[in-house]
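Worth saying up front: this structure is predicted, and the values here are computed from it rather than measured.
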Amino acid sequence: MAIQFSKHGANLILAARNRENLIKVAEFCQTKGGKALAVQTDITDKIQCKQLIERAIQEFGRIDTLINNAGISMLANFDEIEDITLLEKIMKVNYFGSMYCTHFALPYLKKTKGRIVAVSSLTGKTGVPTRSGYSASKHAMAGFFDSIRIELAGSGVSVTTLYPGFIATEMRENALNKDGVCLGISPMNESNMMSVSKGAGIIINAIAKRKREVVMTFKAKFGLWVKLIFPGLVDYIAKKAVEK
């Protein structure tokens, strides 16, 4: 997304924990025509989230779009998890981090009639086995952003929630197992997944059009429609898909 935005000449504040990788992305964005600043940030820390927003204001004087895209996953059956504080970690990254950044950015977004963007997951629409903690955090995101969308009606601030399916990122390699250790390797064949560039393009188009929400694959849209009529069938399909 950062690279595609930079091609449009955007001013970018890039935030993540890995400063070295952030700097590489920022430098590459600069070569594509944008201005990019890397700000090392752990979004589970609300003070760092506040400082991130303040840095954006110091650098550019305004915020037009906030994209909440940080995330961490977990693959384990709930009854296999001994240390349930692992689920708190998932919630802190996926939900609280998004909430913190939105809280501190909102006053500035109201001034610019800007955009709030939340990258959720299909697990924020329906439960998936082995993803209980992840799904819970994405459901929390969905409820939060749906609520503030209604609250902000008439303010000029739009709220767009994205529900991607499987995208070929390093999300699954970095997912936690039942012991809180990164898997290190994806348990899925990612060659048939949506590419990062295509996923980013869909998201950017949704942001530009200020869409309410976007379910990013036809298969997922169909599955959600089926769930309204045959919810048990969707549970069965989800179970079989994970087993496969």
J.: Is the backbone N or O of Lys32 less than 3.5 Å from a side-chain atom of Ser6, with the two atoms forming a donor-acceptor pair by type?
T.: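 No: the side chain of Ser6 does not pair with the backbone of Lys32.
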
J.: Run the salt bridge (charged side-chain N to carboxylate O under 4.0 Å, His left out) test against Asp45 and tell me which residues pass, sequence neighbours left out.
T.: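 Asp45: no salt bridge (charged side-chain N to carboxylate O under 4.0 Å, His left out) contacts found.
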
J.: Please check if the side chain of Asn77 supplies one atom and the backbone of Glu80 the other of a donor-acceptor pair under 3.5 Å.
T.: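 Side chain of Asn77 to backbone of Glu80: no pair is present.
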
J.: Do other residues, nucleotides or ligands put more than 12 heavy atoms under 6.0 Å from Ile84 CD1?
T.: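 No, not enclosed.
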
J.: Val25, Ile203: one ILVMFWY side-chain cluster at the under-4.5 Å cut-off?
T.: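 Val25 clusters together with Ile203.
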
J.: Under a single-linkage definition using a 4.5 Å side-chain heavy-atom cutoff for Ile, Leu, Val, Met, Phe, Trp and Tyr, are Ile116 and Leu14 assigned to the same hydrophobic cluster?
T.: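 No; Leu14 is not reachable from Ile116 via cluster members.
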
J.: How about Thr44 and Phe96: do any of their side-chain heavy atoms sit closer than 4.5 Å?
T.: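 No, their side chains stay 4.5 Å or more apart.
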
J.: Atom NZ in Lys46, atom NE2 in His103: separation rounded to 0.5 Å?
T.: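 So the NZ of Lys46 and the NE2 of His103 are separated by 9.5 Å.
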
J.: Is it the case that more than 12 heavy atoms not belonging to Phe230 sit under 6.0 Å from its CZ atom?
T.: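 No, the 6.0 Å shell around CZ holds no more than 12 heavy atoms from other groups.
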
J.: Kindly say whether Thr123 contributes a backbone atom to a donor-acceptor pair with the side chain of Ser135 at under 3.5 angstrom?
T.: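 Between the backbone of Thr123 and the side chain of Ser135 there is a qualifying donor-acceptor contact (under 3.5 Å).
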
J.: Applying side chain to side chain donor-acceptor pair (under 3.5 Å), name anything that partners Ser132, two or more places apart in sequence or on another chain.
T.: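 Side chain to side chain donor-acceptor pair (under 3.5 Å) check on Ser132 returns nothing, list empty.
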
J.: Do Asp235 and Leu233 come within less than 4.5 Å of each other through their side chains, counting heavy atoms only?
T.: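 Counting from C-beta outward, Asp235 and Leu233 never come under 4.5 Å.
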
J.: Return the CD1 to OG distance between Ile67 and Ser98, rounded to the nearest 0.5 Å.
T.: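 Rounded to the nearest 0.5 Å, the CD1-OG separation comes out at 12.0 Å.
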
J.: Let me check something: do Val157 and Phe144 share a hydrophobic cluster, defined by ILVMFWY side-chain heavy atoms less than 4.5 Å apart, either directly or through other members?
T.: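 Cluster IDs for Val157 and Phe144 match.
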
J.: How many angstroms lie between CD in Gln58 and CG in Leu37, if you round to the nearest 0.5 Å?
T.: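 Here the rounded value is 10.0 Å.
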
J.: Check Pro164 against Ser120 and note the closest heavy-atom contact, atom names and distance.
T.: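 Smallest heavy-atom distance, with atoms named: CD-O, 3.5 Å.
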
J.: Are any of the side-chain heavy atoms of Ile81 and Leu86 separated by less than 4.5 Å?
T.: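 A side-chain contact under 4.5 Å exists here.
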
J.: With a cutoff of under 4.5 Å between side-chain heavy atoms, which Ile, Leu, Val, Met, Phe, Trp and Tyr residues group with Phe28?
T.: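 Listed partners: Ile3.
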
J.: Take atom CD in Glu20; do more than 12 heavy atoms of anything else shown fall under 6.0 Å from it?
T.: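 Open.
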
J.: Provide the full list of salt bridge (Lys or Arg N to Asp or Glu O under 4.0 Å) pairs with a residue in residues 58-70, sequence neighbours left out, each pair given once.
T.: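 Every pair satisfying salt bridge (Lys or Arg N to Asp or Glu O under 4.0 Å) with a residue in residues 58-70: Lys35-Glu59, Arg62-Asp64.
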
J.: With Thr161, which residues qualify under side chain to side chain donor-acceptor pair (under 3.5 Å), at least two apart?
T.: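 Arg149.
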
J.: Go through Ile43 and Gln48 one step at a time and tell me if the side chain to side chain contact (heavy atoms under 4.5 Å, CB included) criterion holds.
T.: CA-CA 7 Å; Ile43 64 166; Gln48 291 189 42; over 6 Å; no

J.: Which residue pairs pass the salt bridge (Lys or Arg N to Asp or Glu O under 4.0 Å) test with at least one member in residues 7-19, sequence neighbours excluded?
T.: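 Every pair satisfying salt bridge (Lys or Arg N to Asp or Glu O under 4.0 Å) with a residue in residues 7-19: there are none.
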
J.: At their closest point, which heavy atom of Ile53 faces which heavy atom of Phe104, and how far apart are they?
T.: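 For Ile53 and Phe104, the tightest heavy-atom pair comes out as CG2-O, 3.6 Å.
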
J.: Identify, with sequence neighbours excluded, every residue that meets salt bridge (charged side-chain N to carboxylate O under 4.0 Å, His left out) alongside Lys50.
T.: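 Applying salt bridge (charged side-chain N to carboxylate O under 4.0 Å, His left out) to Lys50 gives Glu54.
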
J.: Can Tyr108 be reached from Ile148 by stepping across I, L, V, M, F, W or Y side chains whose heavy atoms are under 4.5 Å apart?
T.: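 As far as the 4.5 Å side-chain criterion goes, Tyr108 and Ile148 are connected within one cluster.
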
J.: Any chain of hydrophobic side-chain contacts (each under 4.5 Å) joining Met91 to Tyr100?
T.: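 Both belong to a single hydrophobic cluster.
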
J.: When rounded to the nearest 0.5 angstrom, what distance separates CD1 in Ile207 from OG in Ser158?
T.: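 OG of Ser158 is found 9.0 Å from CD1 of Ile207.
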
J.: Please assess Lys113 against Ser155 for the test side chain to side chain contact (heavy atoms under 4.5 Å, CB included), listing each intermediate value before the final yes or no.
T.: CA-CA 7 Å; Lys113 299 186 186 304; Ser155 69; over 6 Å; no

J.: Under the rule for side chain to side chain donor-acceptor pair (under 3.5 Å), what residues qualify as partners of Asp83, not counting sequence neighbours?
T.: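 Result, side chain to side chain donor-acceptor pair (under 3.5 Å) vs Asp83: Thr85.
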
J.: Please find the pair of heavy atoms, one from Cys29 and one from Leu12, that lie closest to each other, and give the distance.
T.: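 Result for this residue pair: SG-CD1, 4.1 Å.
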
J.: My understanding is that a hydrophobic cluster links ILVMFWY residues whose side chain heavy atoms are under 4.5 Å apart, including indirect links. Using that, what else belongs to the cluster containing Ile150?
T.: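 In the cluster with Ile150 there is nothing else; it is isolated.
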
J.: Which heavy-atom pair separates Ala142 from Gly124 by the least distance, and what is that distance?
T.: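 For Ala142 versus Gly124, the nearest heavy atoms are CB-O, 4.2 Å.
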
J.: Of the non-hydrogen atoms in Gly97 and Cys49, which two are nearest, and what is the gap between them?
T.: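 Between these two residues, the closest heavy atoms are O-SG, 4.3 Å.
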
J.: Sort and list the pairs that fulfil salt bridge (Lys or Arg N to Asp or Glu O under 4.0 Å) and have at least one residue in residues 197-218, not counting sequence neighbours.
T.: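 Of all non-adjacent pairs touching residues 197-218, those that pass salt bridge (Lys or Arg N to Asp or Glu O under 4.0 Å) are Lys125-Glu213.
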
J.: Taking atom CD1 of Ile57 and atom NZ of Lys111, what is their separation to the nearest 0.5 Å?
T.: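 Those atoms lie 7.5 Å apart.
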
J.: Do Asn94 side-chain atoms and Ser137 backbone N/O form a donor-acceptor pair below 3.5 Å?
T.: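 Flag not set: sc Asn94 to bb Ser137 has no pair under 3.5 Å.
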
J.: Determine the sole option in Leu22, Ile13, Leu52 for which the side-chain contact (heavy atoms from CB on, under 4.5 Å) test with Thr41 is passed.
T.: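 Output: one option passes, namely Leu52.
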
J.: Can Leu87 and Phe78 be said to form a side chain to side chain contact (heavy atoms under 4.5 Å, CB included), step by step?
T.: CA-CA 10 Å; Leu87 301 187; Phe78 181 71; 3.6 Å; yes

J.: Taking the side chain as everything from C-beta on, heavy atoms only, tell me whether Thr102 gets closer than 4.5 Å to Phe145.
T.: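 Side chain of Thr102 against side chain of Phe145, heavy atoms only: contact under 4.5 Å found.
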
J.: Can you give me the closest heavy-atom contact between Tyr134 and Met74, atom names plus distance?
T.: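 Shortest heavy-atom contact: CB-N, 4.3 Å.
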
J.: side-chain contact (heavy atoms from CB on, under 4.5 Å) with Glu82: which residues, sequence neighbours excluded?
T.: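 Listed in chain order: nothing, the list is empty.
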
J.: How long is the span from the OH atom in Tyr163 to the CG atom in Leu122, to the nearest 0.5 Å?
T.: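 With rounding to 0.5 Å, OH (Tyr163) is 9.5 Å from CG (Leu122).
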
J.: For Arg115, which residues count as a salt bridge (charged side-chain N to carboxylate O under 4.0 Å, His left out) partner, sequence neighbours excluded?
T.: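 Residues passing salt bridge (charged side-chain N to carboxylate O under 4.0 Å, His left out) with Arg115: none at all.
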
J.: Assess whether side chain to side chain contact (heavy atoms under 4.5 Å, CB included) is satisfied between Ile63 and Thr65, documenting all intermediate values.
T.: CA-CA 6 Å; Ile63 298 176; Thr65 303; over 6 Å; no

J.: Measuring only between side-chain heavy atoms, which start at C-beta, is Val214 closer than 4.5 Å to Ile202?
T.: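 Yes, their side chains come closer than 4.5 Å.
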
